[in-house]
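What follows is a short report on a single structure.
Chain naming here is simple, since letters A, B, ... match the order of the sequence lines and numbering starts at 1 in each.
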Protein chains: 2
Amino acid sequence: MIVRIDFNSDEAFYIQLCNQIIFGIANAEFREGDNLPSVRELAEDIGINMHTVNKAYTILKQEGYVKLDRRKGTVIAINADKMKAIEELTDDMKVILAKAICKNISCEEIHEIVNKIFYDFLSMDSE
Amino acid sequence: MIVRIDFNSDEAFYIQLCNQIIFGIANAEFREGDNLPSVRELAEDIGINMHTVNKAYTILKQEGYVKLDRRKGTVIAINADKMKAIEELTDDMKVILAKAICKNISCEEIHEIVNKIFYDFLSMDSE
DNA sequence: TTATCTGTTATACTGAATATATAACAAATA
DNA sequence: TATTTGTTATATATTCAGTATAACAGATAA
């Protein structure tokens with residue numbers, strides 16, 4: 001998987017990194033048990049500091065996307081605490097749906113967008 | 001409308017303030033033309049600095065939720081650039097849906113959550 | 001055993017963002 | 001005229017983001 005950092009983005013590098021790896025898991029470029037590059041290797045590849053990569057990995061671990069395997073390094077391991085995931089999803093969703101309502105976007109339009117994003121992620125699954 | 005700041009949150013005060021005002025517009029506590037408290041008054045009320053409130057108002061203005069009325073101060077005024085709103089919504093939605101897919105939340109479950117949030121916002125409309 | 005690789009931790013530094021404080025300005029209002 | 005509006009200018013303290021160098025323990029491969 002190719003990870004790219006947008007150095008002009010206002011989003012922190014470690015957040016960009018977390019999100020891209022989460023995208024990679026969602027579209028099955030990364031699967032359970034796959035190992036991520038080492039913090040030093042990935043840092044070298046994308047041109048950022050080792051500690052910034054380490055910070056991203058630490059957050060992914062805390063949030064249940066990866067775990068440490070002493071033999072393989074950092075590997076994909078989903079801890080699907082669905083209750084907690086739904087709570088966080090709902091909180092995040094409230095903010096963006098409030099914005100959508102303000103901007104006169106309908107419930108039906110939201111559903112269409114959700115369907116399209118879901119389809120895009122899952123259709124990459126089989127490639 | 002009662003605005004509260006969570007001083008223990010890791011979210012910046014000005015972000016909390018923006019989101020709460022957006023919530024207020026979404027559930028029709030604030031309507032087109034209503035005026036917000038002055039930056040000094042609101043700052044005094046919720047116990048934060050005037051410039052932090054001003055920062056929130058400035059962002060709300062840039063993002064098309066309020067405008068300046070020299071007679072009434074800052075008033076609710078939605079600039080519904082729907083194209084732009086949908087683009088931003090889609091970007092934000094991708095991140096949270098990727099997380100949802102990782103945590104085995106189904107497309108149907110997402111739709112249910114969207115419906116519930118929409119219903120909650122719009123049912124406050126008539127109160 | 002030795003050398004290397006893994007994540008991790010400690011320390012230190014720079015720059016940017018956040019939040020506060022005091023002060024002043026022009027335009028509008030009472 | 002005095003007050004209120006948003007706005008702008010400084011200044012300061014704190015935290016966050018990112019980098020840099022270094023070291024550590026556990027696992028692995030020579």
Side-chain angles (χ1 to χ4, degrees), chain A residues 1 3-22 25 30 33-79 95, chain B residues 1 3-21 30 33-79 95:
Chain A
M1 183 196 180
V3 175
R4 281 197 206 88
I5 296 295
D6 179 359
F7 291 93
N8 297 318
S9 170
D10 56 346
E11 234 175 5
F13 297 168
Y14 76 96
I15 301 281
Q16 291 186 47
L17 197 44
C18 282
N19 285 344
Q20 292 209 22
I21 291 167
I22 289 169
I25 301 173
F30 286 130
D34 285 359
N35 64 308
L36 295 175
S38 79
V39 289
R40 290 170 179 84
E41 188 185 348
L42 184 52
E44 178 70 22
D45 275 7
I46 61 185
I48 64 175
N49 190 271
M50 185 200 78
H51 293 95
T52 306
V53 177
N54 188 247
K55 187 172 184 175
Y57 280 16
T58 301
I59 290 171
L60 289 171
K61 208 176 304 166
Q62 286 169 347
E63 297 187 352
Y65 295 96
V66 303
K67 68 176 182 184
L68 179 60
D69 183 315
R70 263 298 174 193
R71 289 168 300 181
K72 298 165 82 177
T74 301
V75 303
I76 306 296
I78 300 298
N79 171 17
V95 178
Chain B
M1 183 195 180
V3 175
R4 282 199 205 86
I5 296 295
D6 179 357
F7 291 93
N8 297 317
S9 170
D10 56 346
E11 235 175 3
F13 297 167
Y14 77 96
I15 301 280
Q16 291 186 48
L17 197 44
C18 283
N19 286 344
Q20 293 208 23
I21 290 167
F30 286 131
D34 285 357
N35 64 308
L36 295 176
S38 79
V39 289
R40 290 172 180 83
E41 188 186 348
L42 184 52
E44 180 68 23
D45 274 7
I46 60 183
I48 64 174
N49 191 270
M50 185 199 79
H51 293 95
T52 307
V53 177
N54 188 247
K55 187 171 183 177
Y57 280 16
T58 302
I59 290 171
L60 289 171
K61 209 176 303 165
Q62 287 170 347
E63 298 187 351
Y65 295 96
V66 302
K67 69 175 182 185
L68 178 61
D69 183 314
R70 261 299 173 192
R71 290 168 301 180
K72 297 165 80 178
T74 301
V75 302
I76 306 296
I78 300 299
N79 171 16
V95 177

Check the interface with nucleotides 21-23 of chain D: list each N/O to N/O pair with the protein under 3.5 Å, or write none.
from	atom 1	to	atom 2	distance (Å)
D:dT21	O4	A:H51	NE2	3.0
D:dA23	N6	A:R40	NH2	3.1

Are any of the side-chain heavy atoms of [X] and [Y] separated by less than 4.5 Å?
{"X": "B:K67", "Y": "B:V75", "answer": "yes"}
{"X": "B:Y65", "Y": "B:I21", "answer": "no"}
{"X": "B:Y14", "Y": "B:I48", "answer": "no"}

Given [N], is OP1 or OP2 found less than 4.0 Å from the side-chain N or O atoms of [X]?
{"X": "B:N54", "N": "D:dT7", "answer": "yes"}
{"X": "B:T74", "N": "D:dG6", "answer": "yes"}
{"X": "A:S38", "N": "C:dC5", "answer": "no"}
{"X": "B:T58", "N": "D:dG6", "answer": "no"}
{"X": "B:K55", "N": "C:dA19", "answer": "no"}
{"X": "A:T52", "N": "D:dA17", "answer": "no"}

* Could you list the residues that satisfy side-chain contact (heavy atoms from CB on, under 4.5 Å) with B:T58, not counting sequence neighbours? =>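 With sequence neighbours excluded, B:T58 shows a side-chain contact (heavy atoms from CB on, under 4.5 Å) to B:N54, B:Q62, given in chain and number order.
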* Look at all strands and tell whether B:K61 reaches a base, only sugar-phosphate, or nothing, counting heavy atoms closer than 4.0 Å. =>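 Since only primed, P, OP1 and OP2 atoms lie under 4.0 Å of B:K61, the category is sugar-phosphate.
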* NA contact type, B:K72, heavy-atom cut-off 4.0 Å: base, sugar-phosphate, or nothing? ->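 Here B:K72 touches no strand at all.
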* **Strand contacts (DNA chain D) in residues 6-18 of chain B, 4.0 angstrom heavy-atom criterion** => none
* Structure fact -> Separation between CG (B:L17) and CG (B:L42), nearest 0.5 Å, reads 5.5 Å
